[in-house]
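First the structure, in the form of structure tokens, and then the observations on it.
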Amino acid sequence: MNGSLLAELDLSEPENLVFRSPDGTEVEGWMLPARGYEAGSGDFPMILVMHGGPHGMYGNDFSFDRQLLAGQGYMVLYTNPRASTGYGEDFRWGTWGGWGFNDYDDLMAGVDHAIDDYRIDTGRMGVTGYSYGGYLTNWVITQTDRFAAAIAGASISNWVSDYGVADIPRTKESEFHGPPWEERGLENLLRSSPIIHADGVTTPTLFVHGETDHRVPIEEAEQMYVALHKQGVPAKFVRYPESYHGGWTPWRMVHRTWVQLDWWEQWLKARPAM
């Protein structure tokens, strides 16, 4: 049906990856090679893209955003870490009681696997995601400095404050085993909050957020932005008025795409000095 359009395009074909997390759990992912990867020389920048949910999954679908990144010369890694659907109940609920632990291990195992199998410039790696993927972006930059840049979309930073302002407090009660006024719930909510671990973050980070997002209220990104700004970390915040968690107007989506490409160009395209 789209033959005439596809004839004008040079699309990248994803390559399936299977690897193991440190605890032996098998994880699936894909690499979307950068345009010119086979013919190019030297190593390529790579962007780790993380899905929302957390109980969602990547699969056999077409992604304009990922194809655009590959077309711009980035290797695009995307995986289904624990909490993803499609791999059984134990895998799906593998993050209950604490986000940012098993899922983070799975993600980093995918990065290591990609570095082993592809020509990746480890000095030019980026990390990004939206919603749960935005939360993971905030978490990743508090756990490692291996990424040269990050983009956090609709990102959570503080589960305790999010509990009282988001439109789904029930999720926190189930995923973290209680509300913040109960000892067990408070302990789990805090230990999985990126803001608590923000001391020493160095990764330049762009935050993009809708001002009327009730699923992940914008104050969540504001907290993380302030934490980075106060520590002198290069950070930028782009706010979109009258925009919810999804369903943005076409122009705002175009603008968001443009500012994100500009951020990657600024931090990942320039090769480090030899």
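Only this structure's heavy atoms are used, side chains among them; waters, hydrogens and symmetry mates stay out.
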Task: Neighbour count >12 (heavy atoms, 6.0 Å) for atom CG, Asp90 - done: no
Task: Min side-chain heavy-atom separation Met50-Thr137 under 4.5 Å - done: yes
Open item on the list: Side-chain heavy atoms nearer than 4.5 Å, only ILVMFWY residues, links allowed to pass through others: does that put Val259 and Tyr130 together?
Closed with: yes
Open item on the list: Taking Ala198's backbone N and O only, do any of them form a donor-acceptor pair with Gln231's side chain (distance below 3.5 Å, no angle check)?
Closed with: yes
Open item on the list: Does any part of the side chain of His245, heavy atoms only, come nearer than 4.5 Å to the side chain of Ser131, both counted from C-beta?
Closed with: yes
TODO: Could I get the full list of side-chain contact (heavy atoms from CB on, under 4.5 Å) partners for Glu28, not counting sequence neighbours?
DONE: Asn16, Trp30, Tyr87
Open item on the list: Which residues pass the side-chain contact (heavy atoms from CB on, under 4.5 Å) test with Ile168, not counting sequence neighbours?
Closed with: Thr171, Lys172, Arg215
- [ ] Under the ring pair (Phe, Tyr, Trp, His ring centres under 6.0 Å) rule, collect the residues that match up with Tyr244, sequence neighbours excluded.
- [x] none
Task: Over 12 foreign heavy atoms within 6.0 Å of CD, Glu242 - done: no
Open item on the list: Within the 4.5 Å heavy-atom criterion, are Asp162 and Pro217 side-chain neighbours or not?
Closed with: yes
Open item on the list: For residues 182-215, which residue pairs pass the ring-ring contact (aromatic ring centres under 6.0 Å, His included) check, not counting sequence neighbours?
Closed with: Trp139-His197
TODO: Calculate, to the nearest 0.5 Å, the distance between atoms CG and CG belonging to Asn158 and Leu189 respectively.
DONE: 9.0 Å
- [ ] Kindly determine whether Tyr132 and His55 satisfy ring-ring contact (aromatic ring centres under 6.0 Å, His included), including the steps that lead there.
- [x] CA-CA 9 Å; Tyr132 168 68; His55 307 303; 7.9 Å; no
Task: Donor-acceptor under 3.5 Å (Glu13 side chain, Leu32 main chain) - done: no
Open item on the list: So which atom in Ala114 and which in Leu77 form the shortest heavy-atom distance, rounded to 0.1 Å?
Closed with: CB-CD2, 4.2 Å
Task: Heavy-atom check, side chain of Glu175 versus side chain of Asn188, under 4.5 Å - done: no
Open item on the list: Salt bridge or not between Arg66 and Asp61? Use side-chain N to carboxylate O under 4.0 Å.
Closed with: yes
Task: Ile120/Asp43 under side-chain contact (heavy atoms from CB on, under 4.5 Å): CA gap, chis, key distance, verdict - done: CA-CA 5 Å; Ile120 304 299; Asp43 296 331; 5.9 Å; no
TODO: Could you pull out all residues at least two apart from Phe19 that satisfy ring pair (Phe, Tyr, Trp, His ring centres under 6.0 Å)?
DONE: His113
Open item on the list: Measuring only between side-chain heavy atoms, which start at C-beta, is Gln223 closer than 4.5 Å to Ser161?
Closed with: yes
TODO: Determine the interplanar angle of the Tyr118 and Tyr37 rings, folded into 0 to 90°, and report it as parallel if under 30°, tilted if 30 to 60°, perpendicular if over 60°.
DONE: tilted
Open item on the list: Going by ring pair (Phe, Tyr, Trp, His ring centres under 6.0 Å), name the residues that satisfy it together with Tyr240, two or more places apart in sequence or in a different chain.
Closed with: Trp248, His255
- [ ] Verify side-chain contact (heavy atoms from CB on, under 4.5 Å) between Ile47 and Met75, making sure each step is shown before the conclusion.
- [x] CA-CA 6 Å; Ile47 299 174; Met75 305 292 286; over 6 Å; no
Open item on the list: Could you check whether Asp106 pairs with Arg82 (Lys NZ or Arg NE/NH1/NH2 to Asp/Glu carboxylate O, under 4.0 Å)?
Closed with: yes
Open item on the list: Let me confirm one number: the OG1-CD1 distance from Thr142 to Ile195, rounded to the nearest 0.5 Å.
Closed with: 10.0 Å
Task: Path from Val76 to Phe62 over hydrophobic side-chain contacts below 4.5 Å - done: yes
TODO: Just do the side-chain contact (heavy atoms from CB on, under 4.5 Å) check on Glu265 and Gln260 with the steps written out, would you?
DONE: CA-CA 9 Å; Glu265 177 74 22; Gln260 292 182 166; over 6 Å; no
- [ ] Just jot down the ring pair (Phe, Tyr, Trp, His ring centres under 6.0 Å) partners of Tyr58, sequence neighbours excluded, or say none.
- [x] His51, Tyr78
Task: Donor-acceptor under 3.5 Å (Asn2 side chain, Leu5 main chain) - done: no
Task: Pairs flagged by salt bridge (charged side-chain N to carboxylate O under 4.0 Å, His left out) wherever residues 128-144 is involved - sequence neighbours left out - done: none
Open item on the list: Under the criterion salt bridge (Lys or Arg N to Asp or Glu O under 4.0 Å), I'd like the reasoning laid out for Glu38 against Arg119: C-alpha separation, chi angles, the key distance, then a yes or no.
Closed with: CA-CA 10 Å; Glu38 294 299 334; Arg119 300 198 310 272; 5.6 Å; no
Task: Atom pair CG/NZ of Asp262 and Lys269 - distance to nearest 0.5 Å - done: 11.5 Å
Open item on the list: Are the side chains of Gln67 and Asp10 in contact, using a 4.5 Å heavy-atom criterion?
Closed with: no
Open item on the list: I need the full list of salt bridge (charged side-chain N to carboxylate O under 4.0 Å, His left out) pairs touching residues 129-147, with sequence neighbours left out, sorted by first then second residue.
Closed with: Asp112-Arg146
Task: Stacked cation flag Arg191 on Phe101, 6.0 angstrom / 45 deg - done: yes
- [ ] Could you tell me whether the side chain of Ser192 and the main chain of Gly100 form a donor-acceptor pair under 3.5 Å?
- [x] no
Open item on the list: Between Asp65 and Arg256 (salt bridge meaning N to carboxylate O under 4.0 Å), is one present in this structure?
Closed with: no
TODO: Apply side-chain contact (heavy atoms from CB on, under 4.5 Å) to Pro241 and list each qualifying residue two or more places apart in sequence or on a separate chain.
DONE: Glu211, Arg252
Task: Qualifying ring-ring contact (aromatic ring centres under 6.0 Å, His included) pairs, either residue in residues 143-180, two or more places apart - done: Trp96-His177, Trp99-Trp159, Trp99-Phe176, Tyr135-Trp159, Trp159-Phe176, Tyr163-Trp181
Open item on the list: Can a donor-acceptor pair be found, under 3.5 Å and without considering hydrogens, that links the side chain of Glu220 to the backbone of Ser157?
Closed with: yes
Open item on the list: Check for me, please, whether Val18 and Met108 land in the same ILVMFWY cluster - side-chain distances under 4.5 Å, paths through other members count.
Closed with: no
Open item on the list: Using side-chain contact (heavy atoms from CB on, under 4.5 Å), reason through Trp264 and Thr128 one step at a time and then give a plain yes or no.
Closed with: CA-CA 10 Å; Trp264 295 134; Thr128 189; 3.7 Å; yes
Open item on the list: Any non-hydrogen side-chain atom of Val111 less than 4.5 Å from a side-chain atom of Met46?
Closed with: yes
- [ ] Taking Asn102 for its side chain and Gly94 for its backbone only, find out whether a donor-acceptor pair lies under 3.5 Å.
- [x] yes
TODO: Without swapping roles, check the side chain of Thr205 against the backbone of Ile151 for a donor-acceptor pair under 3.5 Å.
DONE: no
Open item on the list: Under a 3.5 Å threshold, yes or no: a donor from one side chain and an acceptor from the other, between Asn138 and Ser155?
Closed with: yes
TODO: Supply the atom-to-atom distance Thr203 OG1 to Trp267 CH2, rounded to the nearest 0.5 angstrom.
DONE: 10.5 Å
- [ ] Check whether any side-chain heavy atom of Val49 lies under 4.5 Å from a side-chain heavy atom of Leu69, and answer yes or no.
- [x] yes
Task: By side-chain contact (heavy atoms from CB on, under 4.5 Å) - contacts of Leu68 (at least two apart) - done: Phe64, Gln72, Thr257, Leu261
Open item on the list: Can you see whether Tyr225 has Lys230 sitting over its ring - NZ or CZ less than 6.0 Å from the centre and within 45° of the normal?
Closed with: no
